[in-house]
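Take a look at the structure below.
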Amino acid sequence: MLNFLKEVLKNQPSDWLRLTTHRLDIYNEELAKSEFLVKLDVLYANGLASEVELSNLPTAYDYIRLGHPLSSVLEWAIGKLNNLAASNVISFASQTMPILAILRKNLLSNTNTLICYKDSLPAHFDADTVRKIYGYQFELQQVSSAYDIADFDGSTVFVEQKENVADFSLSNNADFHINLHNYYGSIVLATSPKAYDYVSEIQHVRRRESIAMTPADSNAVLHQLAGMSFSASSFDKEQNQKSVINTIKSISNVDTEALVASSGLSIQYAILMGLIHNAVVAHPDKAIKIIVPPNCYGGTNDQARRVSACLDNVEVLDLPVDGGNDMVQGVEKILTQVAKADAVPLIIAEIPTNPRVEVPELEKLRDALSLERKTPNGDIAVAPVFILDQTFCPNYHFLGDKDILSNVQTIAYISGSKFPSGGKCTAGYCVANKKAEHLMQKIGLHLELCDNQATPLQMEILAEQMPSMNQRIADAYKNTREFVNFIEEKLPEAKINFVPEELAEQGFTPSVFSLDLPTKGDTPEEREEYKRALNLKLINMMIDEIPNESKYCVSYGQLKGCYWTIPATSTQGTTKEEDKDYIARVAVSGDLDLEHHKQVFQRFVEEL
């Protein structure tokens, strides 16, 4: 196996290291978790590991959060060496998150947890905060080896710092073995039969609150495992961080310090846990309400509900914001409701909304968020914190001293796999206005506790890519507007969700639009079925005709090409069925053959 691994590493496609998603043209969503390794096993059985064969392997997982080719190969190899299924081996870019993942499952199943550690726990693992704020209960014990773990009624976790993080010494005394590495993150093995049903839960924590070990770090660990020499890259971490923070300040029009995490959902998790921590300290007897659009990006929606499921004093409230719902009216209504309950309101919303790309009336939204409300006993209600997902338009100035939300406590965050890096890495960031600056200390504390900060390579990529971000946004918007105008001309009966030109003139220049194609049929079911089939026909025509540019993916802000998806089956995977959007969402870059895309769309219309 190690000899085969050496061949794989020597011949690996360059995409495995430099892209956040590999081979989107052979993406089979139902098999995204398994198909890559099934086909890798076939290559292994036949002793084949040429670059062509490796290049033809399908997409592995998604986006690096849930995994990618190199983390999948790493888990496969460690599984083979330890006689475990590859799915029982789960790598993280974080040292803390696998521990938190096991604790989360045990909280929900009311199972005891004993965490035994050989040398030390992760540096920022603050047991007191984990118990008080996350609600997790556990016992800690230092041992000299896994063999010293005594019988325990519950789950036993053995944690060890390892220079060779892929080298495990397994003992029957532990259900989970976790190796930590200060630079690369961690790897957890579910080793006992009773640990096997934790696998999907641990993977889901990685998908929603963290990321897998990054491609570059997985590559380094694989070389170490195979006994191959490897020269690690060096980065000017301090200079890159300074450059990224200064660029964020400039783009956001603020003078507060930003925080940079391993992914958009990593920063969102730090924001949520930091704000919950702040609420517990500032308002110890009050309930906390996370207010979130039910059809927004599935990761946001799912994560909020996952946090709420763990904490008795936290509840999720729906905020319908688009597709006929008015965000301002929704905010008015729900904040009045929360004030009546004398609770702490935390509102998460995207502007423009996703997937309908709508912008609320900002003055009215500001007024609704700023209004001083009273509790039933006449006290002033707790003011909301507005958590703004600004990924669609990261260049719009919401937060500056004279900007529209300057007087509302606002934290804005942006997914870094989109415009900030152009798809080259997943790192995300958040920044506060002056009114919310006092909340950043707690958010930073939880970013560190979860060990979800951006890696040095991610920081280097952001330092390279972010200075050109605003120009790329302008170029992408220009192409998107031209494509939208063409579709409106050729298929006027289609409903296009995109910002009107007057909003674009105010600075809202997204490069994403959604397309509600015309349909036919005698019943609502027939009409829906026809429209869904038409969505797929259009997407498949684009990908088949222009495979070098059109891809099946949820991303946008990419450096080149055009990405297509159906939100209901991708970004809204965990959203309630009645809130899903079965429409085509299109993301256009500043660098693509727009004329070719127009020609294919023209042919699609002619075939209707």
Side-chain angles (χ1 to χ4, degrees), residues 94-97 100 121-136 209-210 237-238 241-242 244-249 251-286 288-290 303-304 307 311 313-314 344-348 369 382-390 398-401 405-414 416 427-455 458-459 462:
S94 158
Q95 294 182 66
T96 314
M97 290 310 294
L100 296 185
L121 288 164
H124 295 285
F125 185 87
D126 181 336
D128 193 43
T129 301
V130 172
R131 289 187 179 107
K132 283 182 181 169
I133 305 303
Y134 293 76
Y136 301 152
E209 285 98 36
S210 191
K237 195 174 171 184
E238 215 168 283
Q241 181 152 338
K242 190 177 172 186
V244 169
I245 300 296
N246 286 338
T247 306
I248 292 170
K249 285 181 180 181
I251 288 168
S252 307
N253 194 33
V254 296
D255 198 32
T256 60
E257 293 297 311
L259 293 168
V260 190
S262 60
S263 72
L265 282 174
S266 297
I267 198 65
Q268 184 188 288
Y269 190 51
I271 293 167
L272 271 183
M273 297 316 298
L275 295 183
I276 287 169
H277 193 163
N278 179 73
V280 167
V281 172
H283 311 286
D285 302 320
K286 296 187 193 296
I288 299 163
K289 309 294 182 186
I290 304 174
Q303 189 190 91
V307 168
L311 296 164
N313 65 328
V314 178
V344 180
L346 310 175
I347 302 183
I348 305 176
L369 290 165
V382 177
V385 179
F386 191 50
I387 307 160
L388 171 61
D389 182 346
Q390 209 185 320
F398 284 102
L399 305 180
D401 291 346
L405 294 178
S406 60
N407 290 317
V408 176
Q409 291 186 104
T410 306
I411 312 278
Y413 70 101
I414 285 95
Y429 63 86
C430 80
V431 64
N433 62 4
K434 287 269 172 62
K435 190 115 180 172
E437 191 176 11
H438 68 285
L439 300 167
M440 291 294 273
Q441 185 270 333
K442 285 281 191 290
I443 295 169
L445 184 151
H446 286 271
L447 184 60
E448 286 195 344
L449 187 150
C450 293
D451 193 30
N452 270 339
Q453 302 98 321
T455 69
Q458 288 180 324
M459 281 300 227
L462 289 182

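One is the number of the first residue; the rest follow in order along the sequence. No hydrogens, no waters, no symmetry mates; every other heavy atom, side chains included, goes into these values. Since the model is a prediction, treat every value here as computed from it, not as a measurement.
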Please check: side-chain N/O of [X] versus main-chain N/O of [Y], any donor-acceptor pairing under 3.5 Å?
{"X": "Asp389", "Y": "Ile348", "answer": "no"}
{"X": "Thr256", "Y": "Val254", "answer": "no"}
{"X": "Asp451", "Y": "Gln95", "answer": "yes"}
{"X": "Ser94", "Y": "Cys450", "answer": "yes"}

In terms of side-chain heavy atoms, does Gln303 have a donor or acceptor partner in Tyr269 at a distance below 3.5 Å? no
Verify whether one side chain among Ser210 and Asn452 offers a donor that lies under 3.5 Å from an acceptor in the other.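 Side chains of Ser210 and Asn452: pair found under 3.5 Å.
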Could you check whether atom CD of Gln241 has more than 12 heavy atoms from other residues, nucleotides or ligands sitting under 6.0 Å from it? no
Please work out whether the ring planes of His446 and His277 are parallel, tilted or perpendicular, with thresholds of 30° and 60°.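 Rings of His446 and His277: perpendicular, over 60°.
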To the nearest 0.5 Å, tell me how far [X] [atom1] sits from [Y] [atom2].
{"X": "Leu447", "Y": "Ile443", "atom1": "CG", "atom2": "CD1", "result": "9.5 Å"}
{"X": "Met273", "Y": "Leu445", "atom1": "CE", "atom2": "CG", "result": "11.0 Å"}
{"X": "Tyr429", "Y": "Leu462", "atom1": "OH", "atom2": "CG", "result": "8.5 Å"}
{"X": "Thr96", "Y": "Glu209", "atom1": "OG1", "atom2": "CD", "result": "13.5 Å"}
{"X": "Asn278", "Y": "Leu346", "atom1": "CG", "atom2": "CG", "result": "9.0 Å"}
{"X": "Asn407", "Y": "Lys435", "atom1": "CG", "atom2": "NZ", "result": "5.5 Å"}

Which heavy-atom pair separates [X] from [Y] by the least distance, and what is that distance?
{"X": "Glu257", "Y": "Lys249", "answer": "OE2-NZ, 2.7 Å"}
{"X": "Phe125", "Y": "Val130", "answer": "CE1-CG2, 4.0 Å"}
{"X": "Leu399", "Y": "Ala432", "answer": "CD1-C, 4.2 Å"}
{"X": "Leu272", "Y": "Ala304", "answer": "CD1-CA, 4.1 Å"}
{"X": "Val260", "Y": "Val244", "answer": "CG2-CG1, 4.1 Å"}
{"X": "Leu369", "Y": "Pro384", "answer": "O-CG, 3.5 Å"}

Do [X] and [Y] have side-chain heavy atoms sitting under 4.5 Å apart?
{"X": "Phe398", "Y": "Leu388", "value": "yes"}
{"X": "Leu100", "Y": "Leu449", "value": "yes"}
{"X": "Cys430", "Y": "Met440", "value": "yes"}
{"X": "Lys286", "Y": "Val382", "value": "yes"}
{"X": "Val344", "Y": "Leu275", "value": "no"}

